[in-house]
Amino acid sequence: MKAMILAAGEGTRLLPLTRFRPKPLFPIYNVPLLGLTIDHLKRAGVKDIVINTHHLDQSIETYIQDIKPAGVNINLSHEETLLGTGGAIKKVEAFWNDSPFIVINGDIIHTINITSAYQNHLARGNLTTLIVHNHPPFNRVEIDQGETIVGIREQRVKTPLTTTRKLAFTGMHIISPEILEHIPPHHHLDIINLYLELIARGEKIGGYPVEGHYWIDIGTPNDYHRIHRDIYNNSNDLRTAYDCHPTRKTTDATGIDVSLEGYVSLGENTTIGKKCTIKNSILWDGVTINDNVTIEGCIIANGVTVTHSLKDEIVVYAELPSHCGESILNI
């Protein structure tokens with residue numbers, strides 16, 4: 001199997017963190033999200049992966065060169081201007097063969113069985129199969145009892161012959177290569193708009209409903225906190241699905257009487273001073289916490305020195321001589 005990981009977005013909902021690190025490289029207990037996605041696809045049987053890039057593309061290229069993942073071939077497709085999912089798929093037309101391929105958003109973590117979805121796609125002969133689930137208030141894909149999509153985004157383009165229900169798109173599609181014939185080259189294309197056109201023409205675009213799984217789109221700071229909390233609590237066996245475990249130590253000196261409470265991720269070369277408390281927080285690499293500091297509900301970016309206690313903040317500056325983080329709420 002072949003797959004594309006969509007990693008070109010700018011991650012605006014995760015500002016200011018995405019000014020310095022592209023969202024696909026956000027660490028989840030010190031493992032970049034992109035690495036977790038690659039490993040997950042490998043375990044599903046994917047042998048060849050292409051990753052589209054745009055924002056901070058050099059960081060992603062360097063990461064792929066550094067990890068050199070075994071058992072899978074990785075290709076990069078840089079987009080000078082964003083092409084949308086349809087344009088991204090068309091740009092790497094030569095990468096695909098005559099078999100269906102997987103396209104997955106680069107900002108999701110899930111326990112969905114992609115292999116089963118792929119086999120369903122083959123059996124039903126769809127042009128495209130969208131993996132869907134019940135996830136209010138984002139249930140905007142309308143499918144009939146035969147699991148054929150009749151509408152998306154409140155646009156019903158096919159008259160259903162049975163009752164219908166609405167579900168949410170998970171960000172994962174199984175796509176037959178024949179769809180490339182419908183995509184113009186060198187153009188930005190929203191693939192959902194293309195699907196609507198194809199459904200209206202009578203093409204078979206199906207849904208594959210799933211349930212009993214874990215799924216999260218790491219699109220906001222709250223979501224970024226939540227995935228750490230859920231892995232810490234091992235929701236839906238997430239640790240097994242991603243071979244990812246909470247970090248409980250640093251690679252540098254840790255001070256005396258340091259308390260780690262709840263979910264805590266400590267990056268490489270993190271130094272924590274004496275009598276500190278770190279609670280429900282994510283620290284990236286090279287962070288220094290001075291003595292007698294409490295950090296709660298925070299995300300601290302690379303190389304920050306924290307001189308005083310913080311709660312519910314994102315901090316991206318190299319030094320923190322005074323209150324200069326960016327507040328986040330509802331963690």
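Both backbone and side-chain heavy atoms feed into the values below; hydrogens, waters and symmetry mates do not.
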Suppose we call two aromatic rings close when their centres sit under 6.0 Å apart. Are His110 and His213 close by that rule? no

Run the side-chain contact (heavy atoms from CB on, under 4.5 Å) check on Leu14 and Arg19 step by step: do they pass? CA-CA 9 Å; Leu14 278 163; Arg19 291 180 194 147; over 6 Å; no

Please assess His228 against Tyr224 for the test ring pair (Phe, Tyr, Trp, His ring centres under 6.0 Å), listing each intermediate value before the final yes or no. CA-CA 7 Å; His228 284 83; Tyr224 189 43; 5.0 Å; yes

Can a donor-acceptor pair be found, under 3.5 Å and without considering hydrogens, that links the side chain of Asp190 to the backbone of Thr85? no

Are Leu167 and Trp215 linked, directly or through intermediate hydrophobic residues, by side-chain heavy-atom contacts shorter than 4.5 Å (ILVMFWY only)? no

NZ of Lys279: more than 12 outside heavy atoms within 6.0 angstrom? no

Can you name the one residue among Ile60, Ile74, Ile67 that meets side-chain contact (heavy atoms from CB on, under 4.5 Å) with Leu34? Ile60

In this structure, would Val287 and Val293 fall into the same cluster of hydrophobic residues linked by side-chain contacts under 4.5 Å? yes

Should the pair His173 and Phe169 be assigned to parallel (<30°), tilted (30 to 60°) or perpendicular (>60°) ring geometry? perpendicular

Residue pair Lys23, Asp107: steps toward the salt bridge (charged side-chain N to carboxylate O under 4.0 Å, His left out) verdict: CA-CA 7 Å; Lys23 182 164 57 170; Asp107 58 358; 2.9 Å; yes

Mind checking whether Ile108 and Leu41 sit in one hydrophobic cluster, side chains of I, L, V, M, F, W, Y counted as touching below 4.5 Å? yes

Search all heavy atoms of Lys91 against all heavy atoms of Leu83 and return the closest pair with its distance. CD-CD1, 3.5 Å

Measure centre to centre between the rings of Tyr208 and His121, then say whether the value is under 6.0 Å. no

Angle between ring planes, His54 versus His78, binned at 30° and 60°: parallel, tilted or perpendicular? parallel

What one should report as the nearest heavy-atom pair of His55 and Thr18 is NE2-O, 2.7 Å

Just wondering, are more than 12 heavy atoms of other shown residues or ligands nearer than 6.0 Å to NE2 in His187? no

Please name the pair of heavy atoms, one in Ile51 and one in Ala7, separated by the smallest distance, quoted to 0.1 Å. CG2-CB, 3.6 Å

Worked check of salt bridge (charged side-chain N to carboxylate O under 4.0 Å, His left out) between Glu142 and Arg156: CA-CA 8 Å; Glu142 187 178 11; Arg156 178 184 282 182; 2.4 Å; yes

Are Ile175 and Val141 connected into the same hydrophobic cluster when the rule is that any two of I, L, V, M, F, W, Y join if their side-chain heavy atoms are below 4.5 Å apart? yes

For a salt bridge (charged side-chain N to carboxylate O under 4.0 Å, His left out) check, start with the C-alpha distance between Asp217 and Arg226, then their side-chain angles and the critical distance, and finish with the verdict. CA-CA 10 Å; Asp217 167 0; Arg226 178 184 159 192; over 6 Å; no

Taking atom CD of Glu211 as the centre, report whether more than 12 heavy atoms of other residues, nucleotides or ligands fall under 6.0 Å from it. no

Please report the C-alpha distance between Glu154 and Lys166 in whole Å, then the side-chain angles of each, then the deciding distance to 0.1 Å, and finally whether the salt bridge (charged side-chain N to carboxylate O under 4.0 Å, His left out) criterion is met. CA-CA 10 Å; Glu154 312 305 327; Lys166 289 186 177 181; 3.1 Å; yes

Any idea how Phe101 and Trp96 line up, ring-wise: parallel (<30°), tilted (30 to 60°), or perpendicular (>60°)? parallel

Among Ile112, Ile231, Ile227, whose side-chain contact (heavy atoms from CB on, under 4.5 Å) with Tyr214 holds? Ile227

Going from OG on Ser281 to CG on Leu310, what distance comes out if it is rounded to the nearest 0.5 angstrom? 9.0 Å

Ile49, Leu33: one ILVMFWY side-chain cluster at the under-4.5 Å cut-off? no

